[in-house]
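Atoms considered below: every heavy atom in the structure, side chains included; atoms not considered: hydrogens, waters and symmetry mates. Along the sequence shown, residues carry numbers from 1.
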Amino acid sequence: MIKAILVFNNHGKPRFLRFYQHFPEDTQQQIVRETFHLVSKRDDNVCNFLEGGSLIGGSDYKLIYRHYATLYFVFCVDSSESELGILDLIQVFVETLDKCFENVCELDLIFNVDKVHYILHEMVMGGMVLETNMSEVITQVEAQSKLEKSELFIPGF
């Protein structure tokens with residue numbers, strides 16, 4: 001099960017956070033700092049899996065991450081999840097964001113947080129993976145965008 005999804009930049013500033021287990025806000029901030037320190041000090045040519053930090057569950061949990069340009073995408077998962085499956089999920093998530101935002105960047109995550117949450121909710125809900133087919137996710141996101149646009153346009157006003 002996925003415990004948390006963290007996206008932060010190269011300086012450790014959180015750009016997108018989704019916790020599937022309740023933590024107080026100050027603990028969430030400590031988790032982000034600890035995770036950033038664990039992940040950022042690693043070389044780019046080493047394995048993308050490591051034991052979770054002490055705040056998020058220690059050795060019972062794994063941090064699985066990918067570093068793209070200026071952003072780290074980190075999934076904290078328990079031992080029941082496949083490391084390679086989660087790496088694939090991260091890849092699909094990033095490619096979906098890239099297609100929806102046309103070359104996604106850090107600012108897209110900041111200014112379109114609702115859309116990013118919607119995309120993630122199409123893929124993961126309650127810490128369980130629902131969908132890994134990028135085409136299906138994009139179809140649902142486009143349908144949602146179309147619905148939002150139709151609600152904004154009211155004839156006669």
Evaluate Gln91 against Glu95 for side-chain hydrogen bond (donor to acceptor under 3.5 Å, both in side chains), listing each step before the verdict. CA-CA 6 Å; Gln91 182 72 28; Glu95 285 182 21; 2.7 Å; yes
Evaluate the side-chain hydrogen bond (donor to acceptor under 3.5 Å, both in side chains) criterion for residues His67 and Asn10: first the C-alpha distance (whole Å), next the side-chain angles of each, then the deciding distance (0.1 Å), finally the verdict. CA-CA 9 Å; His67 185 208; Asn10 289 339; 2.8 Å; yes
Asp114 side, atom CG; Ile119 side, atom CD1 - distance, nearest 0.5 Å: 11.0 Å
Check for a donor-acceptor pair, side chain of Thr35 on one end and backbone N or O of Val32 on the other, with a separation under 3.5 Å. no
Got a sec, which pairs hit salt bridge (charged side-chain N to carboxylate O under 4.0 Å, His left out) with one end in residues 39-49, sequence neighbours left out? none
Close side-chain approach of Phe93 and Leu97, heavy atoms under 4.5 Å: yes
Mind running side-chain contact (heavy atoms from CB on, under 4.5 Å) on Tyr65 and Leu6 for me, showing each step along the way? CA-CA 9 Å; Tyr65 71 95; Leu6 315 171; over 6 Å; no
Ile31 and Thr27: CA distance, side-chain angles, deciding distance, side-chain contact (heavy atoms from CB on, under 4.5 Å) verdict: CA-CA 6 Å; Ile31 288 169; Thr27 305; 4.1 Å; yes
Side chain Ser80, main chain Met1, donor-acceptor under 3.5 Å: yes
Please step through side-chain contact (heavy atoms from CB on, under 4.5 Å) for the pair Phe111 and Val116, ending with a clear verdict. CA-CA 10 Å; Phe111 293 120; Val116 176; over 6 Å; no
Are Val7 and Leu107 co-members of a hydrophobic cluster defined by side-chain heavy atoms under 4.5 Å apart? no
Return the NZ to CD1 distance between Lys13 and Ile110, rounded to the nearest 0.5 Å. 10.0 Å
Less than 4.5 Å apart, any side-chain heavy atom of Phe49 and any of Lys62? no
Do you reckon Ile138 sits in the same ILVMFWY cluster as Leu89, going by side-chain contacts under 4.5 Å, direct or chained? yes
Hey, mind stepping through Lys3 and Phe23 against side-chain contact (heavy atoms from CB on, under 4.5 Å) and telling me if it holds? CA-CA 11 Å; Lys3 195 169 185 179; Phe23 291 103; 3.8 Å; yes
Leu71 and Leu17: same hydrophobic cluster, using ILVMFWY side-chain contacts below 4.5 Å? no
Rounded to the nearest 0.5 Å, what separation is found between the CD atom of Gln21 and the CG atom of Asp78? 10.0 Å
Report yes if some heavy atom in the side chain of Val137 is under 4.5 Å from a heavy atom in the side chain of Val141; otherwise report no. yes
Could you tell me whether the side chain of Ile5 reaches within less than 4.5 Å of the side chain of Phe19, counting heavy atoms only? no
Aromatic ring proximity, centroids under 6.0 angstrom, His11 and Phe36: no
OG1 on Thr70 to CD on Glu106, rounded to 0.5 Å: 4.5 Å
Taking Asn112 for the side chain and Leu109 for the main chain, is one N or O donor matched with an acceptor at less than 3.5 Å? no
Quick check: closest heavy atoms across Ile64 and Ile90, and the distance to 0.1 Å? O-CD1, 3.6 Å
Heavy-atom side-chain proximity of Phe75 to Leu63 below 4.5 angstrom: no
Side-chain touch Ser145/Lys115, heavy atoms, less than 4.5 angstrom: yes
Strictly distance-based, threshold 3.5 Å: is any side-chain N or O of Asn48 a donor or acceptor partner for the main-chain N or O of Arg66? no
I'd like to know if Val39 and Phe16 are part of one continuous hydrophobic network [Ile/Leu/Val/Met/Phe/Trp/Tyr, side-chain heavy atoms within less than 4.5 Å]. no
Identify all side-chain donor-acceptor contacts of residues 121-132 below 3.5 Å with residues at least two apart in sequence or on another chain.
unit_1 : atom_1 : unit_2 : atom_2 : d
Glu122 : OE2    : Tyr118 : OH     : 3.1
Glu131 : OE2    : Asn133 : N      : 3.1

If I take atom CG from residue Leu147 and atom NZ from residue Lys149, how far apart are they, to the nearest 0.5 angstrom? 12.0 Å
Just how far is it from atom CD of Glu34 to atom NE2 of His37, taken to the nearest 0.5 Å? 9.0 Å
Gln144 vs Gln140, side-chain hydrogen bond (donor to acceptor under 3.5 Å, both in side chains): CA-CA, chis, key distance, verdict: CA-CA 6 Å; Gln144 178 67 21; Gln140 295 303 320; over 6 Å; no
Is the closest side-chain heavy-atom distance between Glu83 and Leu87 below 4.5 Å? no
Which atom names give the shortest non-hydrogen contact between Cys76 and Tyr61, and what distance separates them? SG-CB, 4.0 Å
Is it the case that the ring center of Phe73 lies less than 6.0 angstrom away from the ring center of Tyr68? yes
